[in-house]
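Keep in mind it's a predicted model, so treat the numbers as computed, not measured. Here, residue 1 is the first one in the sequence, and each next residue gets the next number.
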Amino acid sequence: MINCLRGWPEPIVRVQHLSDSGIRVIPDRYVKQPSERPGLIPDSIETEINIPVIDMSDLHSLDPTLREKTARLIGSACREWGFFQVVNHGVSHELMARTREAWREFFQQPLEEKQRYANSPSTYEGYGSRLGVEKGAALDWSDYFFLHYLPVEIRDQEKWPSLPVACRELVGEYSKEVVKVGGKLMKIFSSNLGLTENYLQESFGGEEMGACLRVNYYPKCPQPDLALGLSPHSDPGGMTLLFPDENVSGLQVRRGDNWITVNPIPNAFIVNIGDQLQVLSNANYKSVEHRVLVNSAKERVSLAFFYNPGGDMLIKPAEQLVEEEAPPLYPAMTYNEYRLFIRTRGPCGKAQVESLKSPT
């Protein structure tokens with residue numbers, strides 16, 4: 001199980017510390033292979049396209065035609081893109097801004113204060129700088145803070161930063177509101193698949209679902225054309241609701257052979273389908289590879305909220321979506337078993353979910 005991952009294979013280097021030291025050449029560990037470097041992938045006209053933008057307030061319209069149209073737009077985004085932005089989602093813009101600024105303050109604290117929360121690969125909870133435990137593996141140009149919000153029994157606010165003073169309260173309030181947005185979307189996802197409205201939520205464990213927050217800190221990088229803030233990967237969980245740093249774009253989504261830079265809309269969430277929804281939908285919905293660029297002039301802070309199945313929930317294609325012409329593409333597996341892959345190997349494109357697919 002996950003707890004067998006007791007420690008990191010080598011000493012952890014904080015990327016922010018490297019950046020602040022004034023280096024002009026990044027260490028070899030952070031230099032990507034030539035084929036993976038962002039500066040060497042040719043631009044395409046398609047990179048100017050943005051992901052779909054959906055107004056969630058239309059889901060509450062008195063006009064049933066508008067409600068149905070909005071639900072269809074969400075369904076289309078799940079099938080064709082795996083990514084979309086939502087506006088008018090119901091979360092206070094002030095709460096969003098205050099929570100992000102509290103985390104920006106956390107990362108600006110002295111290293112010794114942040115080190116109090118240094119994490120291990122057993123749970124990833126706390127202050128971290130790498131994903132995966134392979135010795136000598138290539139590393140990404142980022143630090144992060146990871147915490148559990150749900151289920152309640154594993155939520156431990158003592159592991160959340162005590163400074164800045166408002167951080168714990170803000171994280172609790174922010175997480176509660178983002179879970180509500182996720183719950184609304186899950187009902188639409190279910191209905192669009194022809195399932196009962198609560199099918200996907202119940203598959204995640206209902207009230208015993210999992211939810212966690214990873215706050216990403218991408219320091220300035222002196223050679224941004226050689227490094228990535230986060231290597232290409234699809235998210236292993238159910239759904240991600242990302243609150244990006246709207247002042248500096250960096251998220252890129254794979255579409256065919258191209259990487260599309262997402263232009264964040266102020267106060268929007270960027271929503272993406274994770275591997276567990278791809279499995280449950282029997283690949284009607286697609287989790288999509290994405291990566292993060294770094295910047296030589298500005299640092300970035302983003303909040304990735306993961307809306308996941310409970311760890312012991314057995315995830316498999318919904319029986320209603322399986323038939324002779326559409327056999328089950330994936331074996332049943334608990335989410336704890338599934339996420340062990342990324343926790344040991346780090347981000348690896350879509351290697352995991354594709355490796356599970358049954359031959360057809």
Side-chain angles (χ1 to χ4, degrees), residues 1-16 103 106-107 111 114-135 137-162 167-168 171-172 174-175 178 204 209-218 228-242 272 274-276 287 290-292 301-313 333-348 351-352:
M1 283 304 297
I2 289 169
N3 287 333
C4 68
L5 307 175
R6 291 197 177 88
W8 301 112
E10 48 219 345
I12 292 293
V13 176
R14 301 303 179 188
V15 179
Q16 185 180 7
W103 282 109
F106 169 79
F107 283 104
L111 181 61
K114 291 177 289 192
Q115 284 292 105
R116 291 173 50 207
Y117 303 97
N119 72 348
S120 79
S122 60
T123 66
Y124 275 84
E125 282 183 281
Y127 176 49
S129 297
R130 68 177 289 168
L131 291 169
V133 292
E134 290 187 356
K135 191 170 184 178
L139 299 175
D140 289 332
W141 193 263
S142 58
D143 298 323
Y144 63 84
F145 197 103
F146 181 83
L147 59 88
H148 288 295
Y149 180 69
L150 293 175
V152 174
E153 55 265 28
I154 65 168
R155 183 192 307 169
D156 185 355
Q157 291 185 298
E158 291 301 311
K159 294 181 179 178
W160 302 1
S162 59
C167 190
R168 289 178 180 173
V171 168
Y174 175 87
S175 298
V178 178
F204 274 27
M209 61 166 280
C212 43
L213 176 70
R214 190 179 72 217
V215 183
N216 305 299
Y217 184 83
Y218 302 105
L228 288 170
L230 197 52
S231 293
H233 66 288
S234 61
D235 290 345
M239 159 177 44
T240 304
L241 298 101
L242 177 75
N272 66 278
D275 293 346
Q276 304 307 299
S287 64
H290 49 287
R291 66 180 189 179
V292 177
V301 175
S302 68
L303 282 65
F305 193 88
F306 302 114
Y307 193 104
N308 294 332
D312 295 328
M313 294 304 296
M333 182 180 291
T334 69
Y335 181 50
N336 274 342
E337 290 172 320
Y338 190 92
R339 67 179 167 186
L340 190 58
F341 180 95
I342 195 169
R343 290 188 170 191
T344 52
R345 292 187 56 191
C348 296
Q352 182 180 14

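- When all heavy atoms are compared, the tightest approach of G172 to Y149 is O-OH, 3.8 Å.
- D140 CG to H233 NE2: the interatomic distance, rounded to the nearest 0.5 Å, is 9.0 Å.
- Nearest heavy-atom pair across Y218 and S302 is CE1-OG, 3.9 Å.
- In this structure, L303 CG and Y174 OH are separated by 4.5 Å, a value rounded to the nearest 0.5 Å.
- Note that the CZ atom of F305 and the CE atom of M239 stand 9.5 Å from one another [nearest 0.5 Å].
- Remark: R130 engages E10 in a salt bridge (Lys or Arg N to Asp or Glu O under 4.0 Å) (not counting sequence neighbours).
- The OG atom of S231 sits 13.5 Å away from atom CH2 of W141, with the distance rounded to the nearest 0.5 Å.
- Side chains of D312 and T334: no donor on one and acceptor on the other come within 3.5 Å.
- In this structure, R214 forms no cation-pi arrangement with F146, as its terminal cationic atom is not both closer than 6.0 Å to the ring centre and no more than 45° off the ring axis.
- A distance-only check finds no donor-acceptor pair linking the side chain of N308 to the backbone of A211 [under 3.5 Å].
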### Task
Could you check F204 against Y335 for side chain to side chain contact (heavy atoms under 4.5 Å, CB included), going step by step and ending with a plain yes or no?
CA-CA 9 Å; F204 274 27; Y335 181 50; over 6 Å; no

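- Not counting sequence neighbours, the partners of F106 by the ring pair (Phe, Tyr, Trp, His ring centres under 6.0 Å) test are W103, F145.
- Listed for the W160 side chain is no donor-acceptor partner under 3.5 Å among the backbone atoms of R155.
- Y127 pairs by the side-chain hydrogen bond (donor to acceptor under 3.5 Å, both in side chains) definition with nothing, not counting sequence neighbours.
- With sequence neighbours excluded, the residues satisfying side-chain hydrogen bond (donor to acceptor under 3.5 Å, both in side chains) with Y217 are Q108.
- Closest heavy-atom contact between S129 and I12: CB-CG2, 3.9 Å.
- Atom CG in L131 sits 10.0 Å away from atom CG in L139 (nearest 0.5 Å).
- With rounding to the nearest 0.5 Å, the separation of CE in M333 from CD in Q276 is 9.0 Å.
- Every residue meeting the side-chain hydrogen bond (donor to acceptor under 3.5 Å, both in side chains) condition with S287, not counting sequence neighbours, appears here in chain and number order: D275, Q278, K350.
- Considering only heavy atoms from C-beta on, L213 comes within 4.5 Å of V171 through its side chain.
- Scored by the side-chain hydrogen bond (donor to acceptor under 3.5 Å, both in side chains) test, R116 finds E113 as partners (sequence neighbours excluded).
- Taking every heavy atom of both residues into account, A118 and R14 meet most closely at CB-NH2, 3.6 Å.
- Judged as a side-chain contact (heavy atoms from CB on, under 4.5 Å), and not counting sequence neighbours, the contacts of N272 are F83, D235, T240, H290.
- Take R168 and apply the salt bridge (Lys or Arg N to Asp or Glu O under 4.0 Å) test, not counting sequence neighbours, and it matches E158.
- Annotation for C212 and L147: closest pair CB-O, 3.0 Å, computed over non-hydrogen atoms.
- Residues N119 and W8 come closest through the heavy atom pair O-NE1, 2.9 Å.
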